[in-house]
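Order of the sequence lines sets the chain letters (A, B, ...), proteins ahead of strands, with each chain counted from 1. Every value quoted in this text rests on a predicted model; they were computed, and no experiment measured them.
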Amino acid sequence: MARELLGSLLVRRIGDQTLSGRIVETEAYKGLEDPASHAYKGDRGRAKIMFGEVGHAYVYFTYGNHFCVNVVAKDTKTPAGAVLLRALQPVEGVDVMAKNRGLAEPRDLASGPGKLTRALSIDRSFYGADLTVKGALYIAEGWVEPVERVGVSPRIGIKKAADRPWRFFLEPNVFVSRYRSRT
DNA sequence: CACCCGATTATCT
DNA sequence: GATAATCGGGTGT
């Protein structure tokens, strides 16, 4: 699913305003067998949602400053799993995203998991939200085949299970995260 | 571009 | 008390 989500559109509606971005970077997190996953310790706490319905949002707060958003994803035999959305290519409402971020440069607006939630005003109120139905936050229907290639690398910013190549990104693409991103 | 660091809080030991 | 699925600002090459 981390691969499949590349190229699809994440949409945030606020009143009559629409903000959206094309997903250009993702990371896969498994459950009980993935030491880097928040679901590694089981069906409890904030990770509870990762054991729930696919297509729902797992939003968590980290480093005392940032929210990150995941899409719950797993097959029917797997108890838990999610895909972290790491970067967006801004599409609609770029001016509002710039305002939310206090920046003007499009490539810096959503090029990181904490940046994209700030750009789209995504916070813990979306914990558990169903991203498959058109609401305040959803993934649009009509997935478009990416024209870019899919690059693969180890996941970023983790220490446990850091060897697993479960980060996926479209390349060439200037909107992917650049901190500590080596391909 | 590479590396370093402080901010700030939920979660775990 | 320590760590963390991060970011932005700083320094030095």
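The distance from atom CZ of A:F168 to atom C1' of C:dA5 is 15 Å, rounded to the nearest whole Å. Rounded to whole angstrom, the span from the CD1 atom of A:I122 across to the C1' atom of C:dA5 amounts to 15 Å. For the pair A:L84 CG and C:dA5 P, the interatomic distance rounds to 10 Å; values are reported in whole Å. Here the P atom of nucleotide C:dA5 and the CZ atom of A:R164 are 14 Å apart, to the nearest Å. Distance A:L103 CG to C:dG8 P: 6 Å, rounded to the nearest Å. Taking atom NZ on A:K115 and atom P on C:dG8, their separation rounds to 5 Å, with Å as the unit. Taking atom CD1 on A:I49 and atom P on B:dT11, their separation rounds to 14 Å, with Å as the unit. We find that OH of A:Y40 is positioned 16 Å from C1' of B:dT11, with the value rounded to whole Å.
Residue order along DNA chain C, read from the 5' end via each residue's closest nucleotide, puts A:K160 first among A:K160 and A:G112. In terms of position on DNA chain B, the residue among A:R124 and A:N65 whose nearest nucleotide sits closer to the 5' end is A:N65. Closest-nucleotide positions on DNA chain B for A:G64 and A:R46 were compared, and the one nearer the 5' end corresponds to A:G64.
Remark: A:H66 is not in phosphate contact with C:dC7, judged by side-chain N or O atoms under 4.0 Å from OP1 or OP2. Residue A:K159 places at least one side-chain N or O under 4.0 Å from the OP1 or OP2 atom of C:dA4. OP1 or OP2 of B:dT13 lies within a sub-4.0 Å distance of a side-chain N or O belonging to A:K41. One finds no side-chain N or O of A:R101 lying less than 4.0 angstrom from the OP1 or OP2 phosphate oxygen of C:dC7. Contact annotation: A:R44 side-chain N/O to B:dC12 OP1/OP2 distance is under 4.0 Å.
No contact: A:R118 has no heavy atom under 4.0 Å from any strand. Heavy atoms of A:G114 sit under 4.0 angstrom from primed sugar atoms or phosphate atoms, though from no base atom.
Nearest to the side chain of A:Y58, among B:dA7, B:dA10, C:dA5, sits C:dA5.
At a cut-off of 3.5 angstrom, the base of B:dA7 holds no donor-acceptor pair with the side chain of A:Y63.
Using N1 to N3 plus N6-O4 or O6-N4 for Watson-Crick, or N1-O2 and O6-N3 for G-U wobble, each under 3.5 Å, B:dT8 pairs with nothing. When both pairing distances are held under 3.5 Å, C:dA5 makes no Watson-Crick or G-U pair with any nucleotide shown.
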* Could you please spell out the steps behind the salt bridge (Lys or Arg N to Asp or Glu O under 4.0 Å) verdict for A:R155 and A:D34? => CA-CA 12 Å; A:R155 296 178 292 186; A:D34 179 2; 2.8 Å; yes

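Between A:V91 and A:L9, the closest side-chain pair of non-hydrogen atoms falls below 4.5 Å. Under the 4.5 Å side-chain criterion, counting only non-hydrogen atoms from C-beta, A:I156 is in contact with A:E27. Side-chain contact between A:I23 and A:L88 is present, with at least one heavy-atom pair separated by less than 4.5 Å.
We find that the ring of A:Y29 and the base of C:dA5 stack, their centres lying under 5.5 angstrom apart and their planes tilted less than 30°.
For the pair A:N100 (side chain) and A:A98 (backbone), a donor-acceptor distance under 3.5 Å is absent.
Aromatic ring centres of A:H38 and A:Y60: separated by under 6.0 Å.
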